[in-house]
Protein chains: 2
Amino acid sequence: MIHYSRRSSLEKEKKLNIILHKVLKKIKPSTEERAKVMLLVKRVLDEIKRVAEDNNVPCTIEVVGSIAKDTWLSGDRDIDVFILFDPSFSIETIKSLGVFIAREAVTRLGGRVFERYAQHPYIEALINDFRVDIVPAFKVPSVKDMKTPVDRTPFHTRYVNSRLDSRMRDEVRLLKQFLKGIGAYGAEVKVGGFSGYLAELLVIYYGSFLRVLYSAREWKPFNTFIYIERPADLPSIQKLFKGHPLVVLDPVDPKRNAAAALTLDKLSEFISASKLFLEHPSESFFFPRRPTYTKEDLEETLATRNSHLLAIHVKCKFTSPDILWSQVYKSLGGLETLLKVHGFKVISKKAWSDEVENVVLLYELVTLKLPSVERHLGPPVPSDREEEFLKKYVGSEITISGPFIEKGRWVVYRKRRYTNAIDLIKYEYDKVRHGVQLLKCLKREFKIYADKDIFRLTDILGKDFINTLCNWLKGRIYWLNIVESKC
Amino acid sequence: MIHYSRRSSLEKEKKLNIILHKVLKKIKPSTEERAKVMLLVKRVLDEIKRVAEDNNVPCTIEVVGSIAKDTWLSGDRDIDVFILFDPSFSIETIKSLGVFIAREAVTRLGGRVFERYAQHPYIEALINDFRVDIVPAFKVPSVKDMKTPVDRTPFHTRYVNSRLDSRMRDEVRLLKQFLKGIGAYGAEVKVGGFSGYLAELLVIYYGSFLRVLYSAREWKPFNTFIYIERPADLPSIQKLFKGHPLVVLDPVDPKRNAAAALTLDKLSEFISASKLFLEHPSESFFFPRRPTYTKEDLEETLATRNSHLLAIHVKCKFTSPDILWSQVYKSLGGLETLLKVHGFKVISKKAWSDEVENVVLLYELVTLKLPSVERHLGPPVPSDREEEFLKKYVGSEITISGPFIEKGRWVVYRKRRYTNAIDLIKYEYDKVRHGVQLLKCLKREFKIYADKDIFRLTDILGKDFINTLCNWLKGRIYWLNIVESKC
């Protein structure tokens, strides 16, 4: 049980400052680490420039992202470099030139190269344990002249640098680490959390880490609209983002919501975690211990819940994790609808993937089998649809009893088409909304595991899968562990 | 399947008239039957008068009801006699005088006497196979001067007689028989159908049996308001009966809805049956064959449905069937709520009673057992109730997993208090709405039968119970049988 303490605010303030000081010491890169990173950055920039010159390619090289903004955390191993071309080039040209230059430079530096596709192709390189993304883009005079979505990034970097002083950069670091700690950091589909840029904007707007948290306690999802620079046509822009859980206008492009990737649930978790952290300040919010589980834990929790599990295992490869997870979430929802529509009550659902080729959709059900009879509600009396309903059900083979009239509506008790959830999935899986590519993989082959069969699947998929299962069926939101253990 | 025919209306009209003619021949009392009944009525009246005179009790004797209105059906065995006293008497006096006179008269006639309680005491007598109700009441100058609710009845009789000619009396007979045939005749709680008086008012208003049916097809439940005599303050009276499925103002007392006892379902059945009868005229609507079932039928239908039955058997005596059924329906709904609230899905429900001392409440369930885990929805984020929710569930013994945030709301997966429907009923039956007297009986003792145990109950309760079970689980609305077999 959580015991909400009622410490005096001064005492709390003091405690908070001590904690933030400690955290910052851990997450702020040391002079040494900084020097090492900057050296690598310089080598990469120099090499790219040299390759461009060697090949007579006119371009500008710019570091962007958290390194350029000096908001990175100690231990971060991500460097983002943009190769900027004149807008007179065609997109095709800069893509092939960019990839060529990047590949050549990385090779000269002795790194390993992976080609990636986001909105457009870029190079991901591994150099001295650092992940270096090298992205070709256009050097446009303003965001309005953007030719590809990535052209916006250098403007973000410049804007943030124009607004942050060194104190605020540390505040950003605290916010990022807090978000990491509570599992809400990252705009990728799998997480649906806060991007680094969004964290920076929040610190710019509210002034400090603590002020962001104090304010977040008051945020109302779907009803919080933040802008740093007032846009020209505020009302029409507000309309544009109706239905977004949180809106933080992008100051370099006010038609864009910098919080567009944030899901309702991650926003809610942040709001609640802010409240709890301010009530119960603890370093553990920033550095939680995440439990790891064993097969025995899984056995135990399945026995405790005494419910029914259904796992759909499919092999499927995707070009990026974002595509994978958006497809997986779509299919997860689609098959849940299928189960529900056919009367199977879904207690909870979950998806797992190794992000290589294995995807598992998981459902916890009240029951795997249903009676042969189902109650089917017909039209009210009187209505035009009565005749059709009676024609269909009086004396029909699928009618078990009825039609009767109940509460003024026709009702028939008819044969259920699927009394077994496994058969339902097996024969009807393709009748619902899916990620298109995932559906293709499902059509090729999938396997269904029910109840204890799931242990055959854990044997195949291993530790991370067991952990996901146990976190789902046994765990809770991490930072609630922190709060509990403190009290 | 029903095939809706599209016969020409002339042809249909002809067919209808032939049918009505045939039906009327069967249901209109013959001269002989009429003479026999009238003779008995005269003997009863004379005897009551004589007893009153012998004891110097000043009163008037009046025949009321369908005999007095000449709207009774061949085979009816009910005679209603009122002993009317001057309003200067006290209620207590007329009750004891009335019961005394009636009892004495019946004894002299050689009949058997049963004392009954409706709104007030009366005598039910069995004389020559006729049921004679003898009711003491006040002879008031107008309905406004009524001292007991039964004082209204003689006014009904007089009003109907003033408005019906002999053709219309036959039309009433047709409507009554039609209502009997479709199971919608009788204002008693068990049926919740049309009273004889309501049938008479409808014929007075619409003019004929067929016109009642033609009009009924257009009735909208909760939106049909009929008055024969326009009341002085129509709007305020309309307000009075908001929420009644059908309103037919009582012409002798416009503050009363003569259709107050009619349930939505019986009204709906009448509307639909009217439509179907006019489409598919058939004598069978008036004289349906009701199927009778055996234990083997029950076994077969239970196997077909493959669902779960729960029967609660209680012994309980009531002063009248109306009290019994209103209590039974209340408890039936109360325990359904209990089951639903605890996660047991109720497919359908039914009550049975022999109207002597046995009552059975029946539920058909998707499952008798539920998983140990249940999903419990908490407050939204942010809200004032978050703190309380987290205090209650973080680290609590009843928490299995969570709290998590799902779709912006806190959710916890907690231990279900009752995983077995039988235990739930056993220990929590008294936590819900009940008929007060029935609850007392339940508190004394009740037995629960599940699934095949039900056959131990059918052995005890016999044929009528089996019939009710089979009609519930295997049957349909009777007149749909008629329509099906015709096509």
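In what follows, chains carry the letters A, B, and so on, assigned in the order in which the sequence lines appear, proteins first and then strands, with residues in each chain numbered from 1.
When the candidates Leu473(A), Val411(A), Val373(A) are compared by the number of heavy-atom contacts under 4.5 Å with chain B, Val373(A) comes out ahead. Chain A forms more heavy-atom pairs under 4.5 Å with one residue of Ser307(B), Ser272(B), Pro221(B) than with any other, namely Ser272(B). Highest contact tally toward chain A, considering only Asp265(B), Thr419(B), Val381(B), is held by Asp265(B) [criterion: heavy-atom pairs under 4.5 Å]. No other option in Ile271(B), Thr263(B), Asn471(B), Ile347(B) has as many heavy-atom pairs under 4.5 Å with chain A as Ile347(B).
Using a 4.5 Å cut-off on side-chain heavy atoms (C-beta onward), Leu361(A) and Tyr363(A) make contact. Side-chain contact between Leu262(A) and Phe194(A): present, with at least one pair of heavy atoms (C-beta onward) separated by less than 4.5 Å. The shortest distance between side-chain heavy atoms of Leu276(B) and Leu390(A) falls below 4.5 Å. A heavy-atom distance below 4.5 Å is not found between the side chains of Ser284(B) and Trp479(B). Using a 4.5 Å cut-off on side-chain heavy atoms (C-beta onward), Phe222(A) and Leu264(A) make contact.
Heavy-atom distances place no part of Arg416(A) under 4.5 Å from chain B, backbone and side chain included. The part of Trp219(A) that comes within reach of chain B is its backbone (N, CA, C, O), which places non-hydrogen atoms under 4.5 angstrom from that chain. Contact of Glu218(A) with chain B is not made at all, since no heavy-atom distance falls under 4.5 Å. Proximity to chain A (any heavy atom under 4.5 Å) is restricted, for Trp472(B), to the backbone atoms N, CA, C and O. In this structure, chain B has a heavy atom under 4.5 Å from the side chain of Lys275(A), while its backbone stays farther away. Ser383(B) touches chain A through its backbone: at least one of N, CA, C or O sits under 4.5 Å from a heavy atom, while the side chain does not. With a 4.5 Å cut-off on non-hydrogen atoms, Ile477(B) touches chain A through its backbone and its side chain both.
Shown here for Val191(A) and Gly183(A), the closest heavy-atom pair between the two residues is CG1-O, 3.9 Å. The two atoms that bring Asn467(A) and Tyr293(A) nearest to each other are OD1-N, 3.1 Å, heavy atoms only.
Note that the CG atom of Leu365(A) and the NZ atom of Lys349(A) stand 12.0 Å from one another [nearest 0.5 Å].
For a heavy-atom cut-off of 4.5 Å, chain A lies close to Thr304(B), Arg305(B), Asn306(B) in residues 296-306 of chain B. Listed by sequence position, Ile400(A), Ser401(A), Gly402(A), Pro403(A), Phe404(A), Ile405(A), Glu406(A), Lys407(A), Gly408(A) are the residues of residues 399-409 of chain A in contact with chain B, using a 4.5 angstrom heavy-atom cutoff.
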* Show your reasoning for whether side-chain contact (heavy atoms from CB on, under 4.5 Å) applies to Phe270(A) and Leu213(A). => CA-CA 9 Å; Phe270(A) 178 63; Leu213(A) 265 58; 3.9 Å; yes
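A salt bridge links Glu336(B) with Lys340(B); the closest basic N to acidic carboxylate O contact falls under 4.0 Å. For the pair Lys391(B) and Glu388(B), the salt-bridge criterion is not met [side-chain N within less than 4.0 Å of a carboxylate O].
Put simply, the side chain of Tyr329(B) gets close to the backbone of Lys190(B): a donor and an acceptor are under 3.5 Å apart.
Below 30°, between 30° and 60°, or above 60°: for Phe178(A) and Phe285(A) the angle between ring planes is below 30°, a parallel geometry. By the 30° and 60° cut-offs, the orientation of the rings of His376(A) relative to Phe389(A) is parallel.
Between Glu374(A) and the choices Arg414(A), Lys415(A), His342(A), the side chain to side chain donor-acceptor pair (under 3.5 Å) rule is met once, by Arg414(A).
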